[in-house]
**Student:** 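The structure follows.
This structure is a prediction, so every number in the text was calculated from the model and none was measured. Chain naming here is simple, since letters A, B, ... match the order of the sequence lines and numbering starts at 1 in each.
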Amino acid sequence: MKLSKYLLKTIKEIPKDAELKSHKLLLRGGYIKQVSAGIFSYFPLGWRSLKKIENIIRQEMDGIEYLEINMPVVIPGSLWSETGRYEAVGDELLRFDDRVGRKMVLGMTHEEVVTDLIRYAVKSYKQLPVKVYQIQTKFRDEPRVRGGLVRVREFVMKDAYSFHDSYEDLNAAYDDAYKAYHRIFKRCGLPAIAVSSDVGMMGGSGADEFMAVTEAGEDTLILCNSCSYKANKEVAYAKREYLKETPRAMEEVATPGKMSIEDVSAFLNIPQTKTIKALVYSNGDELVMCVIRGDLEINETKLKNYLKSKAIFLATDEQLKGAGIVKGFASPVNQKMRIIADTSAAESSNLVTGANKVDFHVINCNYGIDWNTSDVVDISSVSEGEMCPECGGKLTVTRGIEIGNIFKLGTKYSGAMKAKYLDKDGKEKDMIMGCYGIGVGRLMASVLEVTASDDKIVWPISIAPFQVSLLGLYKDNNIELKEKCDAIYENMKSQGIEVLYDERSASPGFKFKDADLIGSPITVAIGEKSIEKGGAEVTVGTNETQIISLDKLISEINTIIKRLFDELNY
RNA sequence: CGGGAUGUGGCCUAGUCCGGUUAUGGCGUCUGGCUUGGGACCAGAAGAUCGGGGGUUCGAAUCCCUCCAUCCCGACCA
């Protein structure tokens, strides 16, 4: 491709709305343009890269025997009502009426549509398993978009679905997907880690998320330094040791003005591990008191899941007052409301907690003696340095962008939608399902977050818009050199090298800067200076520039291209 | 949905607090010239309902009200 004929709009200034590196670079390099919050157009450069990622995904999905299909973006609401999600899902599901007033939705995920498809086509165990996928635009009316392509409303997603007649078969497919995902991310030049995760609104029995590790990420990950334990903070747990002592008699002590755990522990000169924190949550209908050791934090995802609530909030001051709770001095002792106790609070002895009375706490408070509940469960968050639940090693906290996930759905959708098959004995059974997603644009942005510097992109060769940027640094009157460059360009093209040839009448500096943003893994610069040095200047990524003579140039470039692909496990 | 910030040619911005000629400069674009190794230079040109609406005032980019958009933090997030 000749650059003078290409639609390229690069900008020098950093757009003020961009904060993340990937966002700045994608805007500056002319890959994307924002149309509305979380809605983007792709320029040819961005779309080429996206298409390459899609094709890698296609190859790997085809490789584990998934069949590509396509499902609609506009879906009748009635289909979503079959599973109850039309009503259950919040405003991120965009609902509207068509011309005759039918309720419609924009597809944000396709469990209903694919289940409808498969229940129509598949009736017998002999036809199972069935595995399908699509790569298609989704729309989710996200309440909060952020970070350019990291969190958007409209996006290209690969979503795959599998249908089985046994959990063993589902597990095997899940395993296949897990491995294929690692191959996909590796081939895209993005090291990704898989972490156990919450199932969220998808439901089902198990889920892993694939994460690009970067500070720009929205998710918090808990990783073990010594073993393979990896989990999203939402579901992570730690091994803890609790101090068991002979219970002493509970006693009231004055703690004037000391409301926080820090203040109380400092005032009484005891560690925070000897205190209890009692927080009151509302799930809309009822109030529950959550009791946890003072040094720990409540994990609201765990709590929400335990309560089977959609949303929970800390109780307001009015709610506390109404329930007779004295803020800052709340206590599980003599508490009438339902108590959810974290294991840490139930397993430790002789703790300090509020006296439910202004300016007083109690010491030597013991679970089972001074207070009780049937709900003792892990509702705690894990923090840096805690012990790994599997090996006792040290846990670290890091951030990640979720670029893919895989779910064991079970029969949640097939059951609701009567997607049944006849088994060997002629009995009707619900199909067992799995689903597997990858956010394509988000993957592209993540590659930059992880690999790019602030003002220079170097794409992995597999997903670079162009493999080679050829810069013709000739003066306008140097016809001879221009013809040499033209010939090299034609030669590269004829050999199937994806080359973007900068033959514009512009200064070398201008061309170098654009090349930095176009980010081809290989840059070839030819000018009077390079010719004097013996040929073309070839720069591979961030490596040092080397001079290669013009007669060997093409074969060398081919070798480099092959090497770069090899490094990505092709 | 809560908190914060910002809106001035395609992009980045000055001016806004403290109202007063024809709204600042740069980038980009177009024309001509001169240039070609890290976003050159000279000359000229086009391009702005100062986010929208309402109000105060002799006079509003500037003050007030209101709506909208965008970004950041939180809530939320298959």
**Student:** Among pairs that include at least one residue of residues 537-551 of chain A, which meet side chain to side chain donor-acceptor pair (under 3.5 Å), considering only residues two or more places apart or in two chains?
**Tutor:**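 As it turns out, the side chain to side chain donor-acceptor pair (under 3.5 Å) pairs with a partner in residues 537-551 of chain A, which skip direct neighbours, are A:K533-A:E537, A:T539-A:T545, A:S549-A:D551.
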
**Student:** Does anything in residues 9-32 of chain A form a ring pair (Phe, Tyr, Trp, His ring centres under 6.0 Å)? List the pairs, not counting sequence neighbours.
**Tutor:**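 Ring pair (Phe, Tyr, Trp, His ring centres under 6.0 Å) check on residues 9-32 of chain A returns A:Y31-A:W459.
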
**Student:** Expressed as a whole number of angstroms, how long is the span from A:M211:CE to B:rC77:C1'?
**Tutor:**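 Answer to the nearest Å: 12 Å.
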
**Student:** Provide the distance between the two C1' atoms, one in B:rA48 and one in B:rA23, to the nearest whole Å.
**Tutor:**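 Those two atoms are separated by 9 Å.
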
**Student:** C1' atom, B:rC11 versus B:rG74: distance in rounded Å?
**Tutor:**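 The answer is 31 Å between these two C1' atoms.
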
**Student:** Please measure how far the P atom in B:rU62 lies from the corresponding atom in B:rG20, and state the result in whole Å.
**Tutor:**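 The answer is 11 Å between these two P atoms.
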
**Student:** With the sugar-phosphate defined as primed atoms, P, OP1 and OP2, and the base as all remaining atoms, what B/S/- string results for nucleotides 32-47 of chain B, 5' to 3', for protein heavy atoms under 4.0 Å?
**Tutor:** ---BBBBBS-------

**Student:** For B:rA60 versus B:rC65, give the span between their C1' atoms, rounded off to a whole number of Å.
**Tutor:**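 My reading of the C1' atoms in B:rA60 and B:rC65 gives 15 Å.
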
**Student:** In whole Å, measure the gap between the C1' atoms of B:rG38 and B:rC76 for me.
**Tutor:**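 Per the computed distance, 46 Å lies between those C1' atoms.
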
**Student:** For B:rG10 and B:rC50, measure between their P atoms and round to the nearest Å.
**Tutor:**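 The answer is 13 Å between these two P atoms.
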
**Student:** Would you mind pulling out the nucleotide paired to B:rG7, Watson-Crick or G-U wobble, both distances under 3.5 Å?
**Tutor:**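 B:rG7 is paired, partner B:rC68.
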
**Student:** Expressed as a whole number of angstroms, how long is the span from A:L7:CG to B:rG10:P?
**Tutor:**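 Spelled out: CG on A:L7 to P on B:rG10 is 18 Å.
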
**Student:** Just call it for A:N405: base, sugar-phosphate, or nothing, with non-hydrogen atoms closer than 4.0 Å on any strand.
**Tutor:**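 Since a base atom lies under 4.0 Å of A:N405, the category is base.
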
**Student:** Going by side chain to side chain contact (heavy atoms under 4.5 Å, CB included), name the residues that satisfy it together with A:L7, two or more places apart in sequence or in a different chain.
**Tutor:**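 A:L7 satisfies side chain to side chain contact (heavy atoms under 4.5 Å, CB included) with A:F43, A:P44 once adjacent residues are dropped.
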
**Student:** Pick base, sugar-phosphate or nothing for A:K138, based on heavy-atom distances below 4.0 Å to the nucleic acid.
**Tutor:**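 Touches nothing.
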
**Student:** Does a donor on one side chain and an acceptor on the other come within less than 3.5 Å for A:Y413 and A:R85?
**Tutor:**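 Indeed, the side chains of A:Y413 and A:R85 share at least one donor-acceptor pair under 3.5 Å.
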
**Student:** Flag the pair A:D317 and A:K321 as a salt bridge only when some basic side-chain nitrogen lies within less than 4.0 angstrom of an acidic carboxylate oxygen.
**Tutor:**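 A salt bridge is absent here (no side-chain N lies under 4.0 Å from a carboxylate O).
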
**Student:** Please give the distance between the C1' atoms of B:rG19 and B:rG25 as a whole number of Å.
**Tutor:**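 It works out to 23 Å between them.
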
**Student:** Taking pairing as Watson-Crick or G-U wobble with both contacts under 3.5 Å, can you name the mate of B:rG2, or confirm there isn't one?
**Tutor:**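 B:rC73 is the nucleotide pairing with B:rG2.
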
**Student:** Nearest-nucleotide wise, let me know which of A:R151 and A:P15 is further upstream toward the 5' end of RNA chain B.
**Tutor:**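 It is A:P15, whose closest nucleotide lies nearer the 5' terminus.
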
**Student:** Does any nucleotide pair with B:rC18 by Watson-Crick or G-U wobble geometry, both distances under 3.5 Å, and what is it?
**Tutor:**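 The base-pairing partner of B:rC18, which may sit in any strand shown, does not exist here.
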
**Student:** If I pick the C1' atom on B:rA69 and the same atom on B:rG51, what distance separates them, to the nearest angstrom?
**Tutor:**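 Result for the C1' pair: 7 Å, nearest Å.
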
**Student:** Residues in side chain to side chain contact (heavy atoms under 4.5 Å, CB included) with A:A160, at least two apart?
**Tutor:**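 So A:A160 forms a side chain to side chain contact (heavy atoms under 4.5 Å, CB included) with A:M61, A:Y66, A:Y133, A:K158, A:Y436.
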
**Student:** Return the set of residues passing side chain to side chain contact (heavy atoms under 4.5 Å, CB included) with A:R144 (not counting sequence neighbours), or none when no residue passes.
**Tutor:**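 In terms of side chain to side chain contact (heavy atoms under 4.5 Å, CB included), with neighbours along the sequence ignored, A:R144 is linked to A:R146.
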
**Student:** Tell me every residue that passes side chain to side chain contact (heavy atoms under 4.5 Å, CB included) with A:A323, counting only those two or more places apart in sequence or in another chain.
**Tutor:**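 Partners of A:A323 by the side chain to side chain contact (heavy atoms under 4.5 Å, CB included) criterion, ordered by chain and then number, come out as A:L287, A:I325, A:M337.
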
**Student:** A:M108 has an atom CE; how far is it from atom C1' of B:rC76, in whole Å?
**Tutor:**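 Checked: the CE to C1' distance equals 12 Å.
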
**Student:** Does any nucleotide pair with B:rG59 by Watson-Crick or G-U wobble geometry, both distances under 3.5 Å, and what is it?
**Tutor:**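 The answer is none; no pair meets the criterion.
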
**Student:** Check the side chains of A:N283 and A:Y281 for a donor-acceptor pair under 3.5 angstrom, ignoring hydrogens and angles.
**Tutor:**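 No.
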
**Student:** Which atom pairs link the protein and nucleotides 67-75 of chain B when you take only N or O atoms and keep those under 3.5 Å?
**Tutor:**
| residue | atom | partner | partner atom | Å |
| --- | --- | --- | --- | --- |
| B:rU70 | OP1 | A:S36 | OG | 3.2 |
| B:rU70 | OP1 | A:A37 | N | 2.9 |
| B:rU70 | O3' | A:Q34 | NE2 | 3.2 |
| B:rU70 | O2' | A:D17 | OD1 | 3.4 |
| B:rU70 | O2' | A:D17 | OD2 | 2.6 |
| B:rC71 | OP1 | A:Q34 | NE2 | 3.3 |
| B:rC72 | OP1 | A:G147 | N | 3.2 |
| B:rC73 | OP2 | A:R144 | NH1 | 3.4 |
| B:rC73 | OP2 | A:R144 | NH2 | 2.4 |
| B:rC73 | O5' | A:R144 | NH2 | 3.4 |
| B:rG74 | N7 | A:R144 | NE | 3.3 |

**Student:** Which residues satisfy the ring pair (Phe, Tyr, Trp, His ring centres under 6.0 Å) test with A:F163, sequence neighbours excluded?
**Tutor:**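 Partners of A:F163 by the ring pair (Phe, Tyr, Trp, His ring centres under 6.0 Å) criterion come out as none, since no residue qualifies.
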
**Student:** Rounded to whole angstrom units, what separation is found between the CD1 atom of A:I32 and the P atom of B:rC11?
**Tutor:**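 Those two atoms, CD1 and P, are 15 Å apart.
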
**Student:** My understanding is that a pair needs two contacts under 3.5 Å, Watson-Crick or G-U wobble. By that rule, which nucleotide pairs with B:rA43?
**Tutor:**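 Because both required distances fall under 3.5 Å, B:rA43 counts as paired with B:rU31.
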
